[in-house]
2 protein chains.
Amino acid sequence: MTDGTRSTPATLHDVAREAGVSLATASRTLNGSTRKVNEQYRTRVLEAAARLDYSPNLSAQAVARGASTTVALLVADIADPYFSSIAAGVVAEADLERLIVTMAATQRDPERELELVRALRGQRPRVMILASSRRTDEPTDGPLAEELAAYERAGGRVVLISRNEYDLRTVLLDNRAGAAALATALVELGYRRFAVVTAGEGLRTARDRLAGFREGLAAAGIELRDDDVVRGEFTRDGGYEATTALLERGLDGVEAVFAVNDVMAVGALSAIRDAGLEPGVDLAVAGFDDIATVRDVTPPLTTVRVPLEQIGRRALRLALDDADASGREPSAAAPDAVPTEVVVRASTPGPRRR
Amino acid sequence: MTDGTRSTPATLHDVAREAGVSLATASRTLNGSTRKVNEQYRTRVLEAAARLDYSPNLSAQAVARGASTTVALLVADIADPYFSSIAAGVVAEADLERLIVTMAATQRDPERELELVRALRGQRPRVMILASSRRTDEPTDGPLAEELAAYERAGGRVVLISRNEYDLRTVLLDNRAGAAALATALVELGYRRFAVVTAGEGLRTARDRLAGFREGLAAAGIELRDDDVVRGEFTRDGGYEATTALLERGLDGVEAVFAVNDVMAVGALSAIRDAGLEPGVDLAVAGFDDIATVRDVTPPLTTVRVPLEQIGRRALRLALDDADASGREPSAAAPDAVPTEVVVRASTPGPRRR
DNA sequence: CTGTTAGCGCGTTCAG
DNA sequence: CTGAACGCGCTAACAG
């Protein structure tokens with residue numbers, strides 16, 4: 001365990017002494033903004049710092065400066081590719097700004113989310129990004145809003161991903177329009193009877209995608225029957241189970257199923273296969289998100305592409321740019337939605353000829 | 001944007017004043033270790049804190065206490081399911097200890113990794129977990145070791161995942177044994193001619209798995225020809241391309257291919273299919289890791305199960321428990337490897353009868 | 001340009 | 001058990 005006497009890390013004070021200069025000079029050359037330090041001293045400080053292996057204490061800097069270099073990210077589930085892709089984007093962009101990202105997972109529990117926001121606030125992060133999927137029936141809705149408002153009042157920047165709520169900055173994801181476009185595309189392929197695999201009523205994202213899909217069908221004069229909407233957890237297993245239930249009930253003419261996200265859609269594929277049917281042929285499948293794995297399942301999945309990583313980058317940008325240009329009208333005024341795109345693959349080859 | 005006058009967050013000072021007590025008393029009831037505060041005062045402070053929506057400044061606490069409540073996690077790529085699963089475990093376990101996790105991505109660049117370790121050290125994290133895949137040819141090897149040693153000397157705890165190096169705490173993953181066991185299982189299934197899809201020579205994990213596989217075959221009297229080892233990036237696309245190259249070169253009797261991780265294996269499946277062959281039938285495929293998606297590809301993938309999330313949890317535990325029981329012999333003394341298990345699925349049905 | 005000094009928000013002695 | 005005072009590591013005026 002790398003033994004050796006336990007020494008405390010070198011402080012700025014140590015560096016100053018070692019270099020024979022004042023604390024202020026050391027601070028200026030090491031962390032000060034505009035360089036105004038004699039080259040002579042400058043190099044001496046730098047050398048001393050290197051010799052002592054000095055690393056500035058970020059906490060102390062934060063206290064002194066009254067501002068941290070941290071951004072907090074809240075997701076529902078880190079292992080879910082939807083969130084991990086967004087996280088990758090946030091981290092990549094934060095890196096450019098030399099910001100540190102702290103991450104927490106709500107597990108889709110509103111109470112936990114509130115707790116986490118409270119805890120994370122203690123960090124005084126510059127930005128707080130909420131990508132955790134919100135619910136419509138949130139009992140903690142009021143407290144959360146209040147918490148976020150307080151955080152903003154204290155100079156923090158909140159960015160919501162996907163849902164436009166609370167009058168806060170938002171990276172808008174037009175779930176309705178995307179789902180509607182998908183519906184249109186499927187109808188164009190020749191499908192007429194649909195089922196939807198979705199999550200519990202509470203989840204906004206799921207609800208919006210279902211609504212959009214329904215609208216898209218309606219525009220083509222097709223009605224989605226309530227009986228043909230099955231529900232499960234917002235996970236792979238949830239998709240598997242809901243689809244299994246659908247198959248057991250009997251397809252009754254349903255030609256294609258839309259799973260409100262790719263993770264569920266992938267579960268649907270397996271459920272279909274495990275039921276002895278051939279996905280795509282016996283029942284077409286479409287998803288939403290275009291996560292990486294959908295290219296590699298069989299058949300490759302038709303879906304709505306969402307630039308996940310870009311969304312993460314954009315979320316951070318939104319908060320940062322807005323902070324720079326404070327005084328301007330808030331950029332949330334015109335939150336153009338992130339563009340989505342229907343990607344047709346082999347899981348929806350068109351209805352089989354009878 | 002939630003307007004209203006910008007106010008600074010309430011400080012402990014504010015709470016004390018509001019409650020009509022001293023700073024010390026407020027500190028004691030709010031964050032103090034053992035409670036020794038008059039119930040009278042206690043409630044007054046608590047109420048004042050609630051009224052002011054007080055949230056302790058973690059940076060200030062860290063400075064005052066000389067210890068943070070942070071754990072730093074370094075991974076190669078956040079969007080990669082291997083790492084995001086580990087991250088999920090770390091975050092889950094950290095949550096139990098009310099620790100905050102900060103995350104950074106090295107993108108498999110040793111220079112970046114070193115930079116990041118340096119930067120992260122500024123946070124004075126209690127624990128630093130390196131899950132980023134290490135290379136064998138690291139030019140930054142010395143500096144990194146030195147950096148980590150300095151961090152440990154300052155009281156930090158380093159945990160390495162998968163590779164036993166530098167004489168540091170390690171969550172050992174026996175890649176060799178796992179790959180050897182897989183080789184044995186495949187031989188038992190009847191396969192005799194193998195190819196391996198692996199990454200560049202540099203990556204430890206890839207190298208160890210290849211070596212283990214080779215050993216496993218050797219134990220059965222089968223030799224893996226160098227010609228039958230193809231290389232690509234350590235990603236899905238890398239697996240796809242390497243496999244494509246293998247197919248173009250001509251299988252020449254090869255019956256099964258072992259991709260050194262599941263992500264590559266999934267790419268291999270698609271490559272085989274895109275070449276007009278049937279994975280499993282024309283060429284068997286096996287991977288390593290047992291990431292979530294391999295159950296849903298076709299055919300489901302034979303692989304070596306690695307308890308990714310548990311590894312994350314265990315990494316943090318290792319550092320924390322070790323810190324508590326300092327004085328005992330370091331637990332790295334007996335770093336039992338995480339158990340792996342061969343999972344045979346349909347991608348290796350056994351060689352076809354000729 | 002440099003050094004001195006006063007904070008930043010908080011934990012923790014140390015006397016009362 | 002309470003409060004006053006000092007210190008943590010660092011930045012930012014402020015004088016020189």
Side-chain angles (χ1 to χ4, degrees), chain A residues 7-46 48-49 52-70 121-126 154-156, chain B residues 7-46 48-49 52-70 121-126 154-156:
Chain A
S7 61
T8 31
T11 98
L12 189 57
H13 196 100
D14 300 333
V15 176
R17 194 155 36 79
E18 172 88 3
V21 301
S22 78
L23 232 173
T25 303
S27 173
R28 282 192 272 256
T29 97
L30 255 17
N31 316 311
S33 41
T34 39
R35 54 189 167 88
K36 315 174 173 183
V37 179
N38 183 317
E39 195 55 30
Q40 183 107 346
Y41 284 157
R42 189 179 163 66
T43 54
R44 270 169 55 189
V45 171
L46 257 20
L52 267 41
D53 195 17
Y54 170 72
S55 165
N57 185 322
L58 294 184
S59 292
Q61 284 192 160
V63 179
R65 288 188 173 136
S68 76
T69 56
T70 285
R121 200 149 81 83
Q123 283 204 67
R124 306 285 184 272
R126 274 243 261 280
Chain B
S7 61
T8 30
T11 97
L12 190 57
H13 198 97
D14 300 333
V15 175
R17 195 154 35 78
E18 171 87 3
V21 301
S22 79
L23 233 166
T25 304
S27 172
R28 282 191 271 255
T29 98
L30 256 17
N31 317 308
S33 39
T34 39
R35 55 187 164 91
K36 313 176 175 182
V37 179
N38 185 316
E39 196 54 32
Q40 183 106 347
Y41 285 154
R42 188 178 165 67
T43 54
R44 270 169 56 187
V45 170
L46 258 19
L52 268 43
D53 195 18
Y54 170 73
S55 164
N57 185 321
L58 293 183
S59 293
Q61 284 192 163
V63 181
R65 288 190 172 130
S68 76
T69 56
T70 285
R121 199 147 81 83
Q123 283 206 62
R124 305 287 184 273
R126 274 244 260 281

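So you know, we letter chains A, B, ... as the sequences are listed, proteins then strands, and number each from 1.
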### Task
Give a yes/no on whether any side-chain N or O of A:Q61 is located under 4.0 angstrom from OP1 or OP2 of D:dC10.
no

### Message
D:dT2, OP1 or OP2 - any side-chain N/O from B:S22 closer than 4.0 Å?
### Response
no

#### Entry: Spacing between A:L30 atom CG and D:dG9 atom P, to the nearest angstrom
16 Å

### Query
Is any side-chain N or O of B:T25 closer than 4.0 Å to OP1 or OP2 of D:dG3?
yes

### Query
When we call it a touch if two heavy atoms are under 4.0 Å apart, what does B:T11 touch: a base, just sugar-phosphate, or nothing?
sugar-phosphate

### Message
If I take atom NE2 in residue A:H13 and atom P in nucleotide D:dC8, what distance separates them, rounded to the nearest angstrom?
### Response
9 Å

### Task
In whole angstrom, give the distance that lies between atom CG of B:L23 and atom P of D:dA4.
9 Å

### Message
Let's see if you can work this out: which of C:dG9, C:dG11, D:dC10 has an atom nearest to the side-chain heavy atoms of B:L12?
### Response
C:dG11

### Query
Atom CZ of B:R42 and atom C1' of D:dT2: how far apart are they, to the nearest Å?
15 Å

### Task
Check whether any side-chain N or O of B:N31 sits under 4.0 Å from OP1 or OP2 of C:dG11, and answer yes or no.
yes

## Note on the structure
Here the gap from B:T69 atom OG1 to A:Q123 atom CD, rounded to the nearest 0.5 Å, amounts to 7.5 Å

### Query
For the pair made of CG in A:N57 and P in D:dG7, what is the distance, rounded to whole Å?
18 Å

### Query
Rounding to a whole Å, what distance do you find between A:L52:CG and D:dG9:P?
13 Å

### Most 5' of A:S55 and B:A24 on DNA chain D, judged by nearest nucleotide
B:A24

### Message
If you only use heavy atoms from C-beta on, which nucleotide in D:dT2, C:dC8, C:dC10 is closest to the side chain of B:Y41?
### Response
D:dT2

### Query
Do B:V15 and B:V45 have side-chain heavy atoms sitting under 4.5 Å apart?
yes

### Whole-Å gap separating C1' (C:dC1) and CD (A:Q40)
13 Å

### Query
Quick one: CG on B:D14 to OH on B:Y54, what's the gap to the nearest 0.5 Å?
9.5 Å

## Note on the structure
When rounded to the nearest 0.5 Å, the distance separating CG of B:L23 from CG of B:L12 is 5.0 Å

### Query
When only distance counts, do a donor and an acceptor, one from the side chain of B:R28 and one from the base of D:dG3, lie under 3.5 Å apart?
yes

## Note on the structure
Result for 5'-nearest mapping on DNA chain D, choosing between B:N38 and B:R65, is B:N38

### Message
I'd like to know if the side chain of B:R124 and the backbone of B:A67 have a donor-acceptor N/O pair within less than 3.5 Å.
### Response
no

### Task
Calculate the interatomic distance between A:R17 atom CZ and D:dG9 atom P; express it in whole Å.
12 Å

